[in-house]
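The structure appears right after this line, and notes come after that.
In each ligand, atom 1 is the first atom listed, and ligand 1 is the first ligand listed. Heavy-atom basis, side chains included; hydrogens, waters and symmetry copies ignored.
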Amino acid sequence: MTKRYAGRTVLITGGGTGLGREMAIAFAQEGAHVCVIGRRAEKLDETVAAIEALEGKALGLTADVRDVARIDEVVKEVRSRTGRIDVLVNNAAGNFVVPSEQLSPNGFKAVVDIVLLGTFNVTRAAFEALRESEGKILNIIATYAWSGEPGAVHSASAKAGVLAMTRTLAAEWGRYGIRANAIAPGPIHTEGTDKNLWSIADIEEHVRARIPLGRLGTPGDVARAATWICSDDAAWISGAALPVDGAHWLGGGTLDFRAAYDAAAGAAQKH
Ligand code: NAP
C-alpha cells in the first residue's frame, strides 16, 4: 500500500513528548520526513531515535515557539534540509491548574504566549512553504476552547483563540489550497497532564465516569485522527474542530441517568 505521506515533510511543535511524539511517529510510519521542535534537546532526540528505530526519517531542532527569530531559522533549516513543509502541527502548550482569582497577569501571559502567540509565530513562519505545497495546518486545542475550563482560564482562553485562528486561516488561506483544522483531545495521560494537571490517583475515576465511551484516550487515538485529517482522505475538510475525546465534553450531564440505567438493569434481571 502506498504510504500517504511519502515524500512529504511534517513539522510538529512539542514533538518530543506526549501527543506530539506519538503524532511524529505516526506520520513517520506513513512515510513522512518529520521535524520535531521543542525546548529540550534530549526529548527531541528520543523521538528522533524512536522514528529511526522504525526506519523512518526524522530531525529534531530545539526552539521555543515564543522566539520569532529562532522559529524563522528553524523553518528555513527544515526547508533547506527537506525541500518543503507539507503539514504543520501546532501542538506545543503549557498549562497548570489555578483558581482564576489567584492567577497573576504573568501566569496568564505565559500560557497565552506559548499556546496562542506561539501557534501564530510558527504558522506565520511556515506560510510560504505551506502555500507552495498546498499544505495543511493542524492545531491541537482542547474541547474547553468552547466549553471553558474552571481552573484553567489561561489555557481555555488561549485555545479559544487558536480555534478562532484555525477557522480564520481556513477561510483566508483556502485560496492557496491550504487546509486548517483543529483536533480537541479529551483526557489522555501524558508527561504534561500527569505532572501539571491531574494525577492518576487523584481523579482518574472521576474523569472516566464522565466519558461516555468509558475509557481515557490514548496518544494513538489522537495520532490516527491527525494522520487522517491532514491526508488527502480529508481533502475537503477545512475549518473543522474535531473532538477526539470519547464524547467526554458531552458526558457530564445534570440528571442522575446512570442510576436510572442501573435500576432498569436490576429490574430486567429480576424477570
Ligand atoms: P506535553 O507532553 O506536556 O507536551 C507539550 C509539549 O510542548 C512538550 O513536548 C514541550 O516540550 C512543548 N513545549 C512547551 N512549551 C514550549 C515552547 N515554549 N516552545 C516549544 N515547545 C514547547 O503534553 P501533551 O498532553 O502531549 O499535550 C499536547 C497537546 O495536546 C497540547 O496542545 C495540549 O494542550 C493538548 N491537549 C492534551 C490533552 C491531554 O489530556 N493530554 C487534552 C487536551 C488537549 P519542551 O518542554 O521540551 O519545550
Side-chain angles (χ1 to χ4, degrees), residues 11-26 35-48 50 60-71 74-75 88-97 109-122 125 138-149 151-152 154-163 165-166 182-200 203-204 207-208 210-211 215-223 225-226 241-246 248-249:
L11 176 61
I12 304 180
T13 69
T17 64
L19 306 186
R21 176 187 152 101
E22 193 75 12
M23 287 188 280
I25 293 169
C35 176
V36 284
I37 70 177
R39 294 165 301 178
R40 288 169 294 170
E42 69 278 10
K43 292 290 175 189
L44 302 176
D45 291 347
E46 282 172 25
T47 299
V48 170
L61 295 171
T62 51
D64 188 319
V65 294
R66 294 168 293 187
D67 181 344
V68 174
R70 176 66 187 143
I71 290 300
V74 161
V75 165
L88 166 63
V89 183
N90 287 302
N91 165 79
N95 199 359
F96 56 94
V97 180
K109 183 174 182 303
V111 170
V112 171
D113 279 355
I114 297 172
V115 173
L116 182 55
L117 199 53
T119 296
F120 179 72
N121 292 341
V122 184
L138 174 60
N139 294 327
I140 305 302
I141 57 167
T143 53
Y144 55 67
W146 54 85
S147 69
E149 181 74 2
H154 41 13
S155 180
S157 304
K159 295 290 192 185
V162 176
L163 174 58
M165 196 188 310
T166 308
I183 282 179
I188 300 170
H189 286 295
T190 61
E191 180 189 304
T193 52
D194 291 359
K195 197 168 81 192
N196 303 322
L197 297 182
W198 41 281
S199 79
I200 198 164
I203 59 165
E204 179 157 349
V207 173
R208 194 197 311 277
R210 281 156 187 78
I211 302 176
R215 66 167 175 88
L216 272 68
T218 66
D221 289 321
V222 174
L242 179 68
V244 178
D245 72 335
H248 174 237
W249 86 277

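The G18 neighbourhood of ligand 1 comprises atoms 2 (O), 26 (O), with distances under 4.0 Å to a heavy atom of that residue. Atoms of ligand 1 lying under 4.0 Å from any heavy atom of R66, numbered from 1 in the order shown and given with element: 18 (N). Heavy-atom contacts of G14 reach the following atoms of ligand 1: 6 (C), 7 (O), 9 (O), 12 (C) (cutoff under 4.0 Å). Atoms of ligand 1 lying under 4.0 Å from at least one heavy atom of N91, given by number and element, are 28 (C), 29 (C), 30 (O), 31 (C), 32 (O). In summary, the atoms of ligand 1 found under 4.0 Å from a heavy atom of R40, numbered by their order in the structure, are 11 (O), 45 (P), 46 (O), 47 (O). Close approach of ligand 1 to A63 is summarised as follows: ligand atoms under 4.0 Å from at least one heavy atom of the residue are 19 (N), 20 (C).
In terms of N/O distances under 3.5 Å, ligand 1 is approached by T17. Polar contact with ligand 1: present for I188 (N/O pair, distance under 3.5 Å). Geometrically, ligand 1 and L19 share a nitrogen or oxygen pair separated by less than 3.5 Å. In terms of N/O distances under 3.5 Å, ligand 1 is not approached by I37. On a distance-only criterion, E191 and ligand 1 share no N/O pair closer than 3.5 Å.
Listed by chain and residue number, V65, R66 satisfy the side chain to side chain contact (heavy atoms under 4.5 Å, CB included) test with I114 (two or more places apart in sequence, or in another chain).
A24 and V36 make their closest contact through CB-CG1, 3.7 Å (heavy atoms, listed as atom of the first residue, atom of the second, distance). Closest non-hydrogen pair, H154 versus V111, comes out as CD2-CG2, 3.6 Å. Nearest heavy-atom pair across L138 and A226 is CD2-CB, 3.5 Å. Across all their heavy atoms, T190 and T193 have their closest contact at N-OG1, 2.9 Å.
Ligand 1 has G186 within reach: a non-hydrogen atom of the residue lies less than 4.0 Å from it. The closest approach between I141 and ligand 1 falls below 4.0 Å for a heavy atom of the residue. A heavy-atom separation below 4.0 Å is found between K159 and ligand 1. A heavy-atom separation below 4.0 Å is found between P187 and ligand 1. Under the 4.0 angstrom criterion for non-hydrogen atoms, T13 is not in contact with ligand 1. G118 does not count as a contact of ligand 1, since none of its heavy atoms falls under 4.0 Å from the ligand. At a 4.0 Å cut-off, at least one heavy atom of T193 sits close enough to ligand 1 to count as contact.
At a heavy-atom cutoff of 4.0 Å, ligand 1 is contacted by the side chain of I114 but not by its backbone. Residue T190 touches ligand 1 through its side chain alone, judged by heavy-atom distances below 4.0 Å.
The backbone N or O of I140 lies less than 3.5 Å from a partner atom in the side chain of K159, making a donor-acceptor pair. A donor-acceptor distance shorter than 3.5 angstrom exists from the side chain of D221 to the backbone of T218, with no hydrogens or angles considered.
We find that K43 and E191 are joined by a salt bridge, their nearest charged nitrogen and carboxylate oxygen being less than 4.0 Å apart.
Heavy atoms from other residues, nucleotides or ligands lying under 6.0 Å from CZ of F96 number more than 12.
The list of side chain to side chain donor-acceptor pair (under 3.5 Å) pairs with a residue in residues 138-148, not counting sequence neighbours, reads N90-N139, N95-Y144, N139-T166, Y144-S155.
L163 CG to I141 CD1: the interatomic distance, rounded to the nearest 0.5 Å, is 4.5 Å.
Side chains of D64 and R70 form no contact here, defined as non-hydrogen atoms less than 4.5 Å apart.
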